[in-house]
Number of protein chains: 2
Amino acid sequence: MNRKVAPTESTADQRRLQMADIARLAGVSTSTVSRALSGSKLVNEETRNRIADLARSLNYTINIGAQNLRLKQNRTVAVVVPYDNTTRQHLSDPFFLSILGSLADALTDRGFDMLLSRVDSEQLDSISLPYDTGRAIGVILIGQWRHHDQLNKITARGVPIVVWGAQLERQMYVTIGSDNVAGGLLATEHLIQNGRKKIAFFGDVKLPEVASRFAGYQQALAAHQLPFDAQLVVPASFLENGGNIAMAELTARNVEYDALFCCSDLLAMSAINILRDQNKLVPEDVAVVGYDDIELARYFHPPLTTIRQPIQTAGLALVDSLLNIIDQQTVTPQLLPTELIFRSSSAVTK
Amino acid sequence: MNRKVAPTESTADQRRLQMADIARLAGVSTSTVSRALSGSKLVNEETRNRIADLARSLNYTINIGAQNLRLKQNRTVAVVVPYDNTTRQHLSDPFFLSILGSLADALTDRGFDMLLSRVDSEQLDSISLPYDTGRAIGVILIGQWRHHDQLNKITARGVPIVVWGAQLERQMYVTIGSDNVAGGLLATEHLIQNGRKKIAFFGDVKLPEVASRFAGYQQALAAHQLPFDAQLVVPASFLENGGNIAMAELTARNVEYDALFCCSDLLAMSAINILRDQNKLVPEDVAVVGYDDIELARYFHPPLTTIRQPIQTAGLALVDSLLNIIDQQTVTPQLLPTELIFRSSSAVTK
DNA sequence: ATGAAAGCGCTAACAC
DNA sequence: GTGTTAGCGCTTTCAT
C-alpha cells in the first residue's frame with residue numbers, strides 16, 4: 001500500500017496569498033476586494049480595476065474551499081467508475097473511457113469540476129462518499145453492475161445520483177442508458193437480413209445491459225421465425241481474453257453457426273482472430289457484429305460492423321439529469337437510441 | 001453553451017446533517033464529537049463509540065471542505081489533459097486514457113482524490129487554476145504540449161507540477177517520460193536485424209517525444225551503416241486519420257521501403273489498412289512497428305509489433321514525484337524504460 | 001474527560 | 001462607495 005502520511009499540508013514556508021493581502025496592498029478592506037473580484041457594481045470602477053489588476057499580477061485567485069463554505073455552494077460532480085476487484089481491469093475498457101471523455105466535456109461546458117474515483121465494484125458503498133463528505137454535489141456512476149438494491153438505498157437517502165446503465169424494475173434511481181434491446185435487435189436483424197440463420201450470441205447475460213441485448217436478439221429471431229438454439233448462446237465476459245474462452249466453448253459444443261453477435265467490440269475482435277486460426281473466413285463463413293463502435297473497430301481487419309452507442313449524447317444526458325435532480329426537478333430515466341454501423345465484417349456473401 | 005445558472009446550491013430543503021446535529025443528538029458538545037470522530041483518546045471510549053455509531057447510522061461524514069479550511073490541508077491532486085482545440089480529440093487517445101487509469105489507481109492508493117480537467121492546449125494558462133484556487137495541492141499534466149516556457153513560468157511561481165513528457169533543455173519543471181530515444185532505437189534495430197533496410201518513419205517531429213524517437217531511429221541507422229533518406233520521413237499527426245494521410249504522402253513520393261516505424265499504434269493500424277488496399281503484405285512486403293502497445297495491438301491483424309511504455313510505473317512515478325515536490329524534497333526528472341513487444345507485423349520473412 | 005471560544009478564508013447584511 | 005461584523009462547518013487551544 002505504501003501509504004504516504006506526511007505531505008498533505010500545502011507548502012509550509014511560502015504562505016499562499018489571500019484576500020487580506022490583496023486588501024492591504026490595495027489599501028482597502030477585504031469586503032471591497034471581495035466585491036471587486038466578483039464584479040459587483042457597488043464598488044467604484046477605478047478601484048475595481050485596480051484590484052483586479054493587482055490580483056491578476058500576483059496570480060491571486062479566490063480560495064474556492066472557503067468560498068464554497070461561506071456560500072454553501074459547490075460546483076464539483078463526482079464520477080465513479082467501478083472496477084472488477086479481481087482484475088482491476090475496468091478503466092481500460094475503451095467504451096467506459098470514451099464516456100469519461102464526454103462527461104469531462106459536458107461538465108466543463110457547464111462550469112463544473114469533475115472528481116474522478118475508481119471503486120471496487122464489491123464496495124459500492126463508497127460511491128456516495130464524495131457526496132456525503134460535501135466534496136461533490138452529486139454522483140454519476142458509470143456501470144450499474146449488479147448493485148440494484150444498494151443504489152436504491154443510496155437514492156432513498158437523498159444522494160443525487162445518476163447511473164449509466166439499464167432500466168430495471170422497481171428502480172428509484174435515474175438511469176441513462178442506450179437502448180440495448182434495440183441494439184440487440186438491430187444487430188440480429190441485420191445478420192438475418194443478410195442471410196444468416198445460425199447466429200451465436202456472446203455475452204454475460206447476468207449483466208442487465210447484456211440481458212437486454214439478448215432480449216433483442218431473441219425478438220429478432222422470433223420475428224423471422226428462426227429457431228432459438230440455446231447451444232448458440234455462449235457466456236462471455238468483457239475481460240481480457242473473454243473472446244478466446246467463448247470461442248473455445250463454442251467450438252467445443254460442436255454446433256454449426258454462420259454468424260456471431262458479440263456484446264463488445266473487443267470480444268468480436270478476439271473472436272475473429274480465433275476464427276482466422278480455424279481457417280474460417282470473416283465474413284464469408286462467419287459474419288460478425290460487435291458492440292460499442294470503439295475507435296479501433298474501423299481500423300480492424302476486417303472493419304467491424306457494430307452497434308454504436310451515442311457517447312456524446314450520453315455524457316450530456318448524464319450531466320443534465322444530475323443537475324436537474326439537484327435542482328429538484330422531476331427526472332425520468334432515458335433510453336438513448338443506438339445505431340448500426342455497417343462495415344465489412346458482416347458484408348453479404350450468402 | 002447552455003450554461004446552467006441556478007442549481008449549484010445543495011438541496012435547499014433537506015438540510016445536510018452536520019456536527020452540531022450529532023452533538024445535540026448525543027448530548028455532548030461539538031468538540032467532543034470532533035474528537036470522537038477523529039479517534040482521539042481524550043474522549044471516553046464509551047462516548048466515542050456511541051458517537052461513532054450515531055454518525056454511522058445517520059450517514060454523517062465530516063464535511064471535508066470545512067475540515068480542509070480549518071486544517072489548511074487538502075488531499076486532492078489535479079490531473080490536466082490538454083486537448084487539441086480544433087478536434088477536441090485528445091481524450092480518445094487510448095494511451096492517454098490508460099495513463100489516466102494508472103494515475104487514478106496510484107492516487108487512490110495514497111488516499112488522494114483526483115480532480116480531472118481537460119483544457120484547450122492553446123490555453124494552458126489554466127493548468128495551474130486548480131492549484132491557485134486551492135482546490136488541489138498540485139498538478140499532473142498529461143500529454144501533448146509545446147509549451148515549455150509557460151511550464152517554466154508556472155513552476156517558477158511555485159506551483160507543484162509534474163509533466164508527462166520529454167526532458168528538454170533549461171527545464172525547471174519535473175518531467176516523467178519514457179525513454180523515447182531508446183524506444184526509437186529499439187524499434188529500428190529490431191527492423192534492421194530482421195533484414196529491413198529502407199525503413200520509413202511516421203511521426204510529427206515537432207513534438208518533443210516524437211523528436212526523441214526519431215533520434216533513436218537515426219542512431220540505429222547510423223549504428224548499422226544504413227543510409228538516412230529524408231524521403232522516408234513522413235510527418236504524421238496522431239489525429240483521426242493521420243495514418244491515411246501519411247501513407248498517401250509516402251506513396252506519392254514514389255520511394256521504395258520495406259518497413260514502417262509508426263509513432264503510435266493507431267497510426268500503424270491505419271497504415272496497415274492502406275497497405276492492404278495497395279496489395280502489399282504485412283509483414284512480407286512491409287514490416288510494421290507501432291508505438292504504445294495499446295490493448296488492441298494484439299487483437300489487430302496481423303498482431304502489431306510495438307514499443308510498450310510502462311504505464312503502471314508511469315502513474316506511480318508521476319504521483320510520487322508530485323508528492324515529493326510538495327514535500328519539499330529534491331525531485332529529478334525520470335526516464336522510464338521502454339520495451340519491444342514482438343508480434344507478427346514485423347515477423348522475419350527476408 | 002468535556003466545553004467555550006477563537007479562527008481557517010471568504011461573503012453579505014448592515015452601517016455610514 | 002466602502003468598512004465593520006458575523007458566521008459558513010470544522011478543529012483546537014485553553015479552561016474547568
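The sequence lines fix the lettering, A, B, ..., with proteins before strands; numbering per chain opens at 1.
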Does [X] place a side-chain N or O at less than 4.0 Å from the phosphate oxygens OP1/OP2 of [N]?
| X | N | value |
| --- | --- | --- |
| A:Gln67 | C:dG9 | no |
| A:Lys72 | D:dG9 | yes |
| A:Thr32 | D:dG1 | no |
| A:Tyr60 | C:dC10 | yes |
| B:Ser38 | D:dT11 | no |

Using whole Å, what does the distance between atom [atom2] of nucleotide [N] and atom [atom1] of [X] come to?
| X | N | atom1 | atom2 | result |
| --- | --- | --- | --- | --- |
| A:Met19 | C:dG9 | CE | P | 12 Å |
| A:Asp21 | C:dC8 | CG | C1' | 14 Å |
| B:Arg50 | C:dT2 | CZ | C1' | 12 Å |
| B:Arg70 | D:dG9 | CZ | C1' | 11 Å |
| B:Asn44 | C:dG3 | CG | C1' | 15 Å |
| A:Gln73 | D:dG9 | CD | P | 13 Å |
| A:Asn49 | D:dG1 | CG | C1' | 15 Å |
| A:Ile22 | D:dT2 | CD1 | P | 17 Å |

Starting the side chain at C-beta, find the nucleotide from [options] nearest to [X].
| X | options | result |
| --- | --- | --- |
| B:Ser31 | C:dT11, C:dA4, D:dC10 | C:dA4 |
| B:Ile62 | D:dT11, D:dG3, C:dA12 | D:dT11 |
| B:Ser34 | C:dA1, D:dG7, D:dT12 | D:dT12 |
| A:Asn63 | C:dT11, D:dC10, C:dG9 | C:dG9 |

Option passing side-chain contact (heavy atoms from CB on, under 4.5 Å) with B:Leu322 (candidates B:Val162, B:Leu107, B:Val79): B:Val162
For [N], does the base pair up with any side-chain atom of [X] as donor and acceptor (N or O, under 3.5 Å, distance only)?
| X | N | result |
| --- | --- | --- |
| A:Arg16 | C:dG9 | no |
| A:Thr47 | D:dT2 | no |
| B:Arg35 | C:dG3 | yes |

Ring-face cation of A:Arg16 near A:Tyr60 (centre distance under 6.0 Å, axis angle within 45°): no
Toward the 5' end of DNA chain D, by each residue's nearest nucleotide, A:Val43 or B:Leu69: A:Val43
Are [X] and [Y] close enough that some pair of their side-chain heavy atoms sits under 4.5 Å apart?
| X | Y | answer |
| --- | --- | --- |
| A:Ile176 | A:Val163 | no |
| B:Ile51 | B:Leu37 | yes |
| B:Tyr131 | B:Asn74 | no |

Under 3.5 Å donor-acceptor, A:Thr76 side chain and A:Met114 backbone: no
